[in-house]
Colleague: 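Have a look at this one before I ask anything.
Being a predicted model, the structure only gives us computed values, none of them experimental. First listed ligand is number 1; within each ligand, the first listed atom is number 1.
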Amino acid sequence: MTARRRFITLVPFAGVALLAACSKEVPAPAPAPMPMAEPTPAPVQMAPPAAADASTPTTAGAPTAELPLLQTSDPTAVALGYIEVANQVDGSKFQTYAAGQACNNCQLFGGYAGDEKGPCPLFAGKAVLAAGWCSGYVKKA
Ligand code: SF4
């Protein structure tokens, strides 16, 4: 048998063998390794917001405990109708007064929340009572 005949005889068997080899089930590729998770930073502990407390003045300007108490006889107090107890305001004389108004809820009151008295820019150098009132009252925003 010549080499050529031998080659032609073997080609079909070689083809079948090649097909058999290629048709074998190829194992599924291994799953890709999971990427390493990035370490997450620890949560930052935030300081709780400062609650509004009595240490916060109701308006700019620190209250001064040493201020002398405004007297109702003070000329400016008389002119503005200052009174030490707001609910005793003469409504016929001061028609801008409304029930509930008092220095402690006036925008100009410079005392701390809960203070019995505090400064007021309308009466420089004097303290007004938190329960007081005058015609300069401005509702706190
Ligand atoms: Fe009190 Fe009048 Fe001063 Fe307001 S303006 S804090 S009501 S004294």
Colleague: Should F109 and V138 count as side-chain neighbours, where that means a heavy-atom distance under 4.5 Å?
Modeller: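 When only atoms from C-beta onward are counted, V138 and F109 do not touch, as no gap falls below 4.5 Å.
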
Colleague: Is it the case that the side chain of Q88 and the backbone of V85 share a donor-acceptor pair, with hydrogens and angles ignored and the cut-off at 3.5 Å?
Modeller: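 Pair absent, no side-chain N/O of Q88 close to backbone of V85.
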
Colleague: Keeping to residues at least two apart or across chains, list the salt bridge (charged side-chain N to carboxylate O under 4.0 Å, His left out) pairs with something in residues 93-102.
Modeller: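 For residues 93-102: none.
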
Colleague: Which distance, rounded to the nearest 0.5 Å, do you find between the CG of L129 and the CD of E84?
Modeller: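 The CD atom of E84 is 5.0 Å from CG of L129, to the nearest 0.5 Å.
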
Colleague: Under 2.8 Å from atom 2 (Fe) of ligand 1, which protein atoms of type N, O or S occur, listed by chain and number?
Modeller: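 The answer is C134 SG.
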
Colleague: Scan the side chains in residues 73-80 for donor-acceptor partners under 3.5 Å anywhere in the protein, sequence neighbours excluded, and list what turns up.
Modeller:
from: D74; atom 1: OD1; to: T76; atom 2: N; distance (Å): 2.8
from: D74; atom 1: OD1; to: A77; atom 2: N; distance (Å): 3.3
from: D74; atom 1: OD2; to: K126; atom 2: NZ; distance (Å): 3.2

Colleague: Starting from Y137, walk the hydrophobic network (Ile, Leu, Val, Met, Phe, Trp, Tyr; side-chain heavy atoms closer than 4.5 Å) and list everyone else you reach, by chain and number.
Modeller: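 For the cluster that includes Y137, the remaining residues are I83, V89, F94, Y97, W133.
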
